[in-house]
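A short write-up of the structure that comes next.
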Amino acid sequence: MKKNFIAAFVASIISLGVYAQENSFVQYQVKKGDTVSKIAREYGVSVSKIFEFNPEAKEGIKEGSFIHVPVKNEGVDQQVLGKKGKLHQVKPKETLYGISKQYNVSLEQLLQWNPLLKTEGLKAGSKIIVSKVSSGRAKDVTGKYKSELNYSGTLSSSKADTIKDITNIYYKYIDVEPQSTLYGLAVLYNTSIQRLIELNPELKQGLKSGQKIKVPAFGYVDKVVEITPVIPSDNISEYTTIKVAPKQTLYSISREYDLTITELVDLNPDLLTDGLMIGMKLKVPNIYQVVNVVEESTGEGVEIVSGYADLSTSLYKEQRREIALLLPFNVSRLGSNVESKLASDSFLNMTLDFYLGAKLAIAEAESLGLPLTVNVYDSNETKNSSAVTTLVSKGSFDNADIIVGPFFQANVAKLVNNLPNREVMVLSPLSNEKEVSSSQLVQSMPDADMQKKAMIDYFLQQSNVKLTVIIDQTRTSSRQFMSKYFSQVKVINSDALDNIDKTLVAGRKNVFILDSSSIEAANLLVSKLKRRVKDFDIQIGALDKGDVFDTMEVEFQSMIDLKYVYPSVTRDSSMDENSVFQEAYKTAYGVLPNRFAARGYDLMFDVIMRTFQKEGFKSTFKYATQLNENKFVYRKGSDNTEVNTGVYILQYTEDLTEKVVN
């Protein structure tokens, strides 16, 4: 499913590059009984046009799949437009910005519905489309794609007086009554089991009658309100029916009603056959609650759980924010054989995985009612070239609060050096190299030295440790690193491993960290030490996640016995396969997310949450955050660059996975 989605997505990019000057598109989800001819008749276009922009449709269309249906802007009479949208006659001195505010739409939507505005500009007396009547069909959260991939996904702000707009969370204590369950308490107090356990770690040992525990009470920006549960009587239904609103997704609905997507589908089997459609009625749990104002509050408190900030508890929705996302789709170099390119181009696949993860983060931001605009651009980049300077010259980032990308650090440096706005922040999403020093730069990927520091510090913070670092003679940089930061730690050459077991000391923790590319050295270290674990406290580690220990020549059980640890920027195996993110990704694309998809989601969601704090993105560097696989712990470097120091220390376990130990 994911492969088909990506192929269709890339094909649509190529097609739109030819057609975007004179057409708009409807993204249509194929229903049971649909044919290309039927869809063409419904939208008043030719079958050949649909095939032109959906080549794969020539092999047939499948129920539930999406196709792009072209809808011309020019030559459409008033009656037809009346069915598909609303017209506005441009008055003298009117601007696109003024029109967008008048009709509560984004500038990008106006350009999307009226492509000729890009080339001819806004002319007094002309008529432009200012709104579109919903087709009643599900739409991709990121809307329609254009040749420049400059998508503005405008997420409407929420109303100020609904229970969904709660932005501060407070807590109160309750006494657990007999026969209570965690699930029942979560439903009664409009929260989740995970949140209850976060508030009350002791609940991991079980729930006890008479136990006093914390439960959330919720607060608006200017006052705190308490949610008082009311147990439904027997004649009140356990479920209620909702009507799917525009822009809602399975993911946003599941979050709102504290369900997994699987549970939502189980309650509504039609979702499997019909998909999610605007106006569709869904069965959801009926949450009973009475809201009582209990006290005033002037704070925007950020909730801290286990040392990490939950910035979703302090969102500030009064000001629209804009984020630019630069991704190297490299449309101009794709060619016509997209399937072949996808099969052979690992960089393109990585880019698309990152993008798909970021899309889910945008969808969740939509469900939170944030007034956000996300512009997606094709950075058209390689390690030595990019479209960055062209995008800057076009004013693409003039209104951006933060720019995420490009991927290559040399292009990040080029962007920072060319930006006319010295206030906008640039976040490097994937590279751990450093090409430029700037107070505008946020380095979101911990570099190699940061990982090494985390590994050494992990052991130095423990008591009674005898630490030895073993380094290949050829690794000059590692020796310089140890001399600069950890001169007190003993360093030996890898050629001294023959007698390493003779250095063991009873009564202390003997730690050996190997920094080598030699499988022979790794195998020798393990074989020398594994025979002594019964007599001594021994642990081994590495300064980076290399392949030297991940080889068939090194016995895995020996690695477990020696409690092998290594630093990592992700906690790959610890992500719960039943998590909301995993389920949402699998529902959308048919497969579980890989580390690049998880990175795209984690990074984009974290950026959005930080951007929507009252004092803005820069004010949040004091907070450490953690999502599915990544954590973000920013510290200002000596060059004023903000650097992520969030590194995990992972250890091999008996069940053949890694666990986080720091």
Side-chain angles (χ1 to χ4, degrees), residues 100-101 104 106-107 141 152-171 190-191 195 216-227 247 252 255-256 291 293 295-305 308-325 358 361-375 397-404 421 423-427 440 442 444 601-627 632-634 642:
S100 72
K101 292 300 182 185
N104 194 28
S106 69
L107 291 173
V141 68
S152 279
T154 302
L155 309 179
S156 59
S157 60
S158 56
K159 292 183 169 51
D161 55 357
T162 64
I163 199 69
K164 292 186 294 184
D165 297 331
I166 289 166
T167 56
N168 294 315
I169 296 182
Y170 299 81
Y171 307 99
N190 194 28
T191 186
R195 176 59 56 83
F218 298 87
Y220 297 112
V221 172
D222 59 347
K223 59 177 175 280
V224 181
V225 295
E226 181 178 308
I227 306 301
K247 296 187 177 181
S252 66
R255 295 282 296 200
E256 182 176 346
V291 181
V293 177
E295 63 177 312
E296 296 293 320
S297 173
T298 58
E300 292 92 19
V302 174
E303 179 188 346
I304 307 295
V305 180
Y308 295 104
D310 180 358
L311 297 177
S312 67
T313 64
S314 54
L315 294 173
Y316 182 72
K317 304 179 183 180
E318 302 305 312
Q319 186 175 350
R320 179 165 293 281
R321 306 290 188 184
E322 182 173 309
I323 297 173
L325 177 59
I362 296 170
E364 182 161 2
E366 179 181 30
S367 72
L368 293 172
L370 300 179
L372 169 68
T373 298
V374 176
N375 294 320
F397 313 125
D398 287 354
N399 298 316
D401 293 284
I402 186 166
I403 304 169
V404 178
N421 183 350
E423 293 299 316
V424 64
M425 302 295 289
V426 177
L427 187 142
Q440 286 184 269
V442 180
S444 71
Y601 175 89
D602 288 357
L603 184 70
M604 196 65 185
F605 189 75
D606 188 67
V607 167
I608 293 171
M609 292 297 100
R610 290 176 183 272
T611 301
F612 276 93
Q613 300 305 303
K614 188 168 186 179
E615 301 302 322
F617 184 86
K618 293 181 183 179
S619 70
T620 66
F621 292 134
K622 60 188 174 184
Y623 296 120
T625 55
Q626 178 173 261
L627 286 98
F632 303 94
V633 186
Y634 290 108
E642 292 290 343

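The closest donor-acceptor contact from the side chain of E322 to the backbone of N375 lies at 3.5 Å or more, if one exists at all. A donor-acceptor pair under 3.5 Å is absent between the side-chain atoms of K618 and the main chain of M425, judged by distance alone. In this structure, the side chain of Q440 engages the main chain of N421 through a donor-acceptor pair within 3.5 Å. Judged purely by atom type and a 3.5 angstrom limit, R321 has no side-chain atom pairing as donor or acceptor with the backbone of I402.
Distance CD1/I362 to CG/L325: 6.5 Å, rounded to 0.5 Å. Taking OH of Y623 as the start and CG of D310 as the end, the distance is 11.5 Å to the nearest 0.5 Å. One distance of note links CZ of F632 with CG of D602; it measures 5.5 Å at 0.5 Å rounding. Between the OH atom of Y308 and the CG atom of L627 there is a distance of 11.0 Å, given to the nearest 0.5 Å. Between M604 atom CE and M609 atom CE the span is 10.5 Å, to the nearest 0.5 Å.
Within the 4.5 Å cutoff, side-chain heavy atoms of Q613 are placed close to those of S314. With a 4.5 Å cut-off on side-chain heavy atoms, E364 and I608 do not count as touching.
Here the closest heavy-atom approach between residue A324 and residue F397 is recorded as CB-CD2, 3.8 Å.
Defined by atom type and a distance below 3.5 Å, a donor-acceptor pair is missing between the side-chain atoms of T611 and D401.
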